[in-house]
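Since the structure comes first, as structure tokens, the remarks are kept for the end.
Proteins come first, then strands; the chains are lettered A, B, ... in the order of their sequence lines, and each starts at number 1.
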Amino acid sequence: MGKAKLLPRRFYAEAPDVVARGLLGKVLARRLDGEWLTGRIVETEAYFGKDDPAAHAYVGKTERNAVLFGPPGHVYVYFIYGMHWCLNVSCEPDGTPGGVLIRAMEPLEGLETMARLRGTANRKLLAAGPGRLCQALGITRKGQNGIDVTDRGSDVQIWDDRTKPGRIMTTPRIGIKKAVDRPHRYLIAGSGYVSG
DNA sequence: GGAGCGATGTCCT
DNA sequence: GGACATCGCTCCG
């Protein structure tokens with residue numbers, strides 16, 4: 001990735017909406033069996049703590065959501081609807097809960113492996129949606145929960161390759177039943193790789 | 001192409 | 001026991 005830079009921890013030590021916006025256009029990299037699978041992040045959602053009934057952290061710290069309360073820049077993976085995994089990155093300073101759900105990416109490298117894991121070769125459907133993205137990258141709670149994305153030795157990292165995202169759109173979050181009116185979903189307008 | 005719905009495991013009440 | 005930050009299939013038009 002040429003002049004790309006690994007995003008530093010301070011990037012994540014901000015409010016979830018700031019980090020969610022900032023992650024658009026960045027490159028998500030996942031090392032699976034020695035191969036790097038990468039994609040450009042095109043859709044994210046911000047989840048706060050107290051005051052955000054839709055957030056997992058809202059109920060307080062539990063064994064499941066503990067990563068959200070820890071230091072910024074760590075992977076939080078949870079299981080939903082009996083069959084899907086979802087990838088988040090913790091933000092806010094250590095002790096303050098918050099996270100960003102990574103909902104979709106434009107696949108860049110490792111397309112064949114992603115297609116095999118997903119069971120489809122349709123590039124637009126490889127990682128359009130949080131469940132699909134995790135399936136394409138082989139991400140599970142047991143395997144990746146708690147990983148530090150700012151460590152060069154990690155199997156999940158996020159890079160800035162200096163590509164400017166296009167126009168950023170803001171909408172309400174998807175699939176939730178509480179706080180449905182808050183505009184905390186961010187996406188790159190016109191991208192063919194977003195969900196919904 | 002869009003609405004409806006079943007699948008299915010884990011966590012918290 | 002019920003809710004759940006989803007997905008892909010069916011059925012209808």
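- Contact detail for A:Ala104 and A:Ala128: the closest heavy-atom pair is CB-CA, 4.0 Å.
- In this model, no donor atom of one side chain and acceptor atom of the other lie less than 3.5 Å apart for A:Asn122 and A:Thr120.
- A donor and an acceptor atom, one from each side chain of A:Glu106 and A:Ser191, are nowhere located under 3.5 Å apart.
- To the nearest angstrom, P of C:dC7 lies 13 Å from CG of A:Leu126.
- If you check distances only, the side chain of A:Tyr81 never reaches the base of B:dA7 with a donor-acceptor pair under 3.5 Å.
- Atom CG in A:Leu133 sits roughly 17 Å away from atom P in C:dA5 (whole-Å rounding).
- Close to C:dC4, at under 4.0 Å from its OP1 or OP2, lies a side-chain N or O of A:Lys178.
- Under the 6.0 Å cut-off for aromatic ring centres, A:His74 and A:Tyr12 do not qualify, their centroids lying 6.0 Å or more apart.
- In this structure, A:Lys124 satisfies the cation-pi test against A:Tyr193, with its NZ or CZ atom closer than 6.0 Å to the six-membered ring centre and inside 45 degrees of the ring normal.
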* Reading nucleotides 1-6 of chain B from the 5' end, what letters show protein touch, with B for base, S for backbone sugar-phosphate only, - for no heavy atom under 4.0 Å? -> ------
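- For C:dA5, the base is not stacked against the aromatic ring of A:Tyr78, per a cut-off of 5.5 Å between centres and 30° between planes.
- Between A:Tyr76 and A:His56, the ring planes are perpendicular. Angles over 60° get that label, and only those under 30° would be called parallel.
- A salt bridge links A:Arg40 to A:Asp161: at least one charged side-chain nitrogen sits closer than 4.0 Å to a carboxylate oxygen.
- Distance alone, capped at 3.5 Å, places no donor-acceptor pair between the A:Arg31 side chain and the A:Leu37 backbone.
- Rounded to a whole Å, the CD1 atom of A:Ile176 is 7 Å from the C1' atom of C:dA5.
- Side chain of A:Asn145 to main chain of A:Tyr78: no donor-acceptor pair is present (N/O by atom type, distance under 3.5 Å, no hydrogens or angles).
- When heavy atoms are screened at a 4.0 angstrom cut-off, A:Gly131 is found touching the sugar-phosphate backbone but no base atom.
- Ranking C:dC4, C:dT6, B:dT10 by closeness to the A:Phe79 side chain, first place goes to B:dT10.
- Atom CG in A:Leu87 sits roughly 13 Å away from atom P in C:dC7 (whole-Å rounding).
- Between A:Arg173 and A:Asp181, no side-chain nitrogen of the basic residue sits less than 4.0 Å from a carboxylate oxygen of the acidic one, so the salt-bridge criterion is not met.
- A donor-acceptor contact shorter than 3.5 Å is absent between the side chain of A:Lys61 and the backbone of A:Ala57.
- Atoms CG (A:Leu125) and C1' (C:dT6) sit 14 Å apart, rounded to a whole Å.
- Atom CH2 in A:Trp85 sits about 14 Å away from atom C1' in C:dC4, given to the nearest Å.
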* What do the steps show when you test A:Arg9 against A:Asp148 for salt bridge (charged side-chain N to carboxylate O under 4.0 Å, His left out), and what is the final call? -> CA-CA 9 Å; A:Arg9 187 161 330 279; A:Asp148 181 357; 2.8 Å; yes
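- As a whole-Å value, the separation of A:Asn122 CG from C:dC7 P is 14 Å.
- Atom CD1 of A:Ile102 and atom P of C:dA5 are 17 Å apart (whole Å).
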* For DNA chain B, what string of dots and brackets results from 5' to 3' when Watson-Crick and G-U pairs need both distances under 3.5 Å, crossing pairs get [ ], and pairs with another strand get |? -> |||||||.||||.
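- With distances taken from any side-chain atom of A:Arg132 to the nucleotides C:dA5, C:dC4, C:dG8, the minimum falls on C:dG8.
- The phosphate of B:dT10 has neither OP1 nor OP2 within less than 4.0 Å of any side-chain N or O from A:Arg141.
- Interface residues of residues 51-70 of chain A facing DNA chain C, ordered by number: A:Ala54, A:His56; criterion, heavy-atom separation under 4.0 Å.
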